[in-house]
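Nothing fancy with the numbering, it's 1 onward along the sequence. These numbers come from the heavy atoms of this one structure, side chains and all, not from hydrogens, waters or symmetry mates. In listed order, ligands and their atoms are each counted from 1.
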Amino acid sequence: MIKGKIQEKFSLEFKMVDQKGKIINIECSGKGKIRDNCYVMTGIIIDITEKTNQNELLRISEKNYRRALEGSQEIMFYIYLRNNCITLNGKISKLLDFQQKNEYNFTMEEWITYIVEEDRDKYKRAYFDFVSNKKMYFNIEYRVKNFSDKYVWLKVRGKRILEEDGEYIYGSMNDDTDRKEKELKIYYMSNYDEVTDIPNRRYFVQRSTEILRESIKDRKKFAIIFIDIDNFKFVNDTYGHAIGDEVLKKFCKKLKYVLEENCLLARFGGDEFVVAVHHMENNKQIIGILDKILEEFNLPLDINGKEIYNTVSMGVSIAKVKEDNIQTLLKKADIAIYTSKTGGKNRCCLFNEALSKRLDRELSLNRCIRKAVKNEEVYFLFQPKYWTKNNKIQGFECLARWKSEVLGIVFPMEFIPLAETSGFIIHIGKYLMEDAFKKCNKLIELFSNNIKIAINLSQVQIRDEGLVYFIEYMIKKYGISPNNIEFEVTESIIMKSVDKNIQVLEKLKSLGVSIALDDFGTGYSSLNYLKILPIDTVKIDKSFIKDIGKDFKDEFIIEKIIELAHLLDLEVVAEGVETEQQLKYLIGINCDIIQGYYFSKPLEFEKVINLDKEK
Ligand code: C2E
Ligand code: CA
Ligand code: CA
């Protein structure tokens, strides 16, 4: 039934049921007039079911949205993209201390002023990207300052929706501060160093990989500096770890002060710091930085009123070839710093290929030395020494050689320090000594009852508490007279711990063996010590002998050493005698014993047997 007032124009909406029983909406419009006492309507009837449904949905959704906006416990918002205005529900008032209202409206510029400054750019960029790239979702995290001036992290989730009057972003934002702070803490802990508050190795490797790539792309120079605090262990041991941490903090502060903007500083642990210098115009900048660092750390650090001096050692590697990645650059800088440290600290070394070769050699030596011990690859050569008074053999110095399957013959200057640091010297020293003791009887039988077999002792061996007992045991085991045994110790070794070493030497002497002071003249050369040390012989270092006939000062020193030694009842050996001129000179100034290539090089035991008893 159509009901309605009688009027000229009409427009009606009504519902009908179609044949299938479905309700349809009809819009009917037209004109009506009285004709022949009847009201006649002409017009059109349109099925507006779909349109009605859409409008209905829109109305409902808007109503619902408004209801949701007001009733929600979350901060709800929509942004109308035509005018860039944001509408938020009342929940925002709690956070930002606004006056209580159901709804708040801001222009985008106004809203941005509530975002903390550091995050504003990020917000603007994300918003611009969303709008201009027609993105569907607007998801972002940023901080606002709440009413008590605390930073609050807002997690924003929004969606683009097309309405009749234009496009909107509908969404919610919630306070995500707890989660975000936890996340940041975890990030901080895995990327930063707690003591100094600077990046750690993990962050450094990741970030410097990126900046190396950028530097190369921009055709700029890139370098790595390894920095190590000299003797930091001493600071920790002397003042304790709390002061140690203070030193690290101050150290870091100073470094930051010296470093320029294009430097990324990190702590790799302990007292190791690393800097990546990127985007350098040329390599000169690095020299400037290194100079400043060395200069700065020549001044003391003020730690709670205490002045602590800490110099630094540095190693530098500069990216040159394309294959240089962060790991290889770090390795190269590490090789360079190792050279700085072994070269006397408080200095800087630049990586080069020669350093690398040296390190490779050291690594191979280190790898092979275990095998040397296990397979007893180290053995003694014997170098004869002759009396000047009668040209007869006075004895032999035992000189170690290492015949490695991999490396060939290795000289003691190379492997003794290595065997010392690895501790293998004790084991090697013992089996070498046992071998020499075994051969001693044969040598006595061949040459004379009075010969002396001289064995060198290293610093680590002297410190070994079992040394004296071991020697005593060997003497007994092989039935040797202690008069046939001599030990050579350098003055620099003795000086490392004078009192303790004198005690060991005295114990050795009490066994009946003799002691020679080796390399005399190269170390402290305190003539005073000649008087107090329990020694029998002085060996003048070959560096003096070499200059006989060339340097009268060296000749003078040799003469005086011999005079003084004789006054103290000590015998004098000249080592490294290579020429007749040297020999004649030494005989002329009453040197007692001669050792050197002039008479013989160090020989294998089998060749010693054939040696002449006299020269
Ligand atoms: P050193 O005790 O001063 O030994 C003397 C060095 O001078 C030996 O070098 C010897 O071969 C060398 N030499 C001898 N005569 C001449 C000469 O006329 N001219 C020249 N230029 N050199 C000559 P080597 O055998 O290379 O030993 C070097 C150092 O290694 C030794 O210096 C010693 O300090 C150490 N060493 C050698 N064997 C042992 C060992 O078994 N134990 C320990 N702890 N150190 C050892
Ligand atoms: Ca020696
Ligand atoms: Ca020597």
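Among protein heavy atoms, atom 1 (P) of ligand 1 sits closest to Asp518 OD2, 3.9 Å. Nearest protein heavy-atom contact of atom 19 (N) of ligand 1 is Glu578 OE2, 2.5 Å. Closest to atom 29 (C) of ligand 1 among all protein heavy atoms lies Met413 SD, 3.9 Å. Nearest protein neighbour of atom 35 (C) of ligand 1, counting heavy atoms only, is Pro412 CB, 4.1 Å. Of the protein's non-hydrogen atoms, Ala400 N, 3.0 Å is the one closest to atom 38 (N) of ligand 1. Tyr597 N, 2.8 Å is the protein heavy atom nearest to atom 18 (O) of ligand 1. Of all protein heavy atoms, the one lying nearest to atom 41 (O) of ligand 1 is Phe380 CE2, 3.2 Å. The protein heavy-atom contact nearest to atom 11 (O) of ligand 1 is Pro602 CG, 3.4 Å.
In this model, a donor atom of one side chain and an acceptor atom of the other lie less than 3.5 Å apart for Glu362 and Tyr338. A side-chain donor-acceptor contact under 3.5 Å links Glu486 and Thr537. Between the side chains of Thr522 and Asp519, no donor-acceptor pair of N or O atoms lies under 3.5 Å. Inspection of the Asn456 and Glu397 side chains reveals an N or O donor paired with an N or O acceptor under 3.5 Å. Under 3.5 Å, the side chains of Glu580 and Tyr585 contain no donor-acceptor pair of N or O atoms. Side chain to side chain, Gln595 and Tyr386 fail the donor-acceptor criterion of an N or O pair below 3.5 Å. In the model, Ser356 has no side-chain atom that pairs as donor or acceptor with a side-chain atom of Lys332 under 3.5 Å.
Close to ligand 1: Lys542, with a non-hydrogen atom less than 4.0 angstrom away. Contact annotation: Glu397 has at least one heavy atom less than 4.0 Å from an atom of ligand 1. The closest approach between Arg401 and ligand 1 falls below 4.0 Å for a heavy atom of the residue. Using a 4.0 Å cutoff on heavy atoms, Lys601 does not count as a contact of ligand 1.
Residue Asn456: an N/O/S atom is found under 3.0 Å from the Ca ion (ligand 2). Taking backbone and side chain together, Glu575 holds an N, O or S atom under 3.0 Å from the Ca ion (ligand 3). Within the coordination shell of the Ca ion (ligand 3), defined by N, O or S atoms under 3.0 Å, Asp519 is present.
Between Lys371 and Glu405, at least one side-chain N (NZ, or NE/NH1/NH2) sits under 4.0 Å from a carboxylate O, which counts as a salt bridge. With respect to the salt-bridge test (charged N to carboxylate O, under 4.0 angstrom), the residues Glu377 and Lys403 do not qualify.
The aromatic rings of Phe273 and Phe251 sit tilted, their planes meeting at an angle between 30° and 60°.
For Lys221, the NZ atom counts as loosely surrounded, since its 6.0 Å shell holds 12 or fewer non-hydrogen atoms of other residues, nucleotides or ligands.
The name of the N, O or S atom in Glu488 nearest to the Ca ion (ligand 2) is OE1. Looking at Glu397 and the Ca ion (ligand 2) together, the shortest N, O or S contact belongs to OE2. Asp518 contributes atom OD1 as its closest N/O/S atom to the Ca ion (ligand 3).
Proximity of atom 32 (O) of ligand 1 to the protein is not indicated, since no non-hydrogen protein atom lies closer than 4.0 angstrom. In this structure, atom 15 (N) of ligand 1 is in close contact with the protein, since a protein heavy atom lies within 4.0 Å of it.
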Checking side-chain hydrogen bond (donor to acceptor under 3.5 Å, both in side chains) for the pair Ser313/Asp228: CA distance, chi angles, key distance, verdict? CA-CA 5 Å; Ser313 298; Asp228 194 295; over 6 Å; no

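Taken from CG in Asn283 to CD1 in Ile318, the straight-line distance is 4.0 Å, to the nearest 0.5 Å.
Residue contact check: Asp519 has heavy atoms under 4.0 Å from atoms 3 (O) of ligand 1. Atoms of ligand 1 lying under 4.0 Å from at least one heavy atom of Ser458, given by number and element, are 44 (N). Within the listing of ligand 1, atoms 15 (N), 18 (O) sit less than 4.0 angstrom from a heavy atom of Gly596.
In the candidate list Ile425, Asn456, Thr579, Leu381, Asn456 is nearest to atom 43 (C) of ligand 1, counting heavy atoms.
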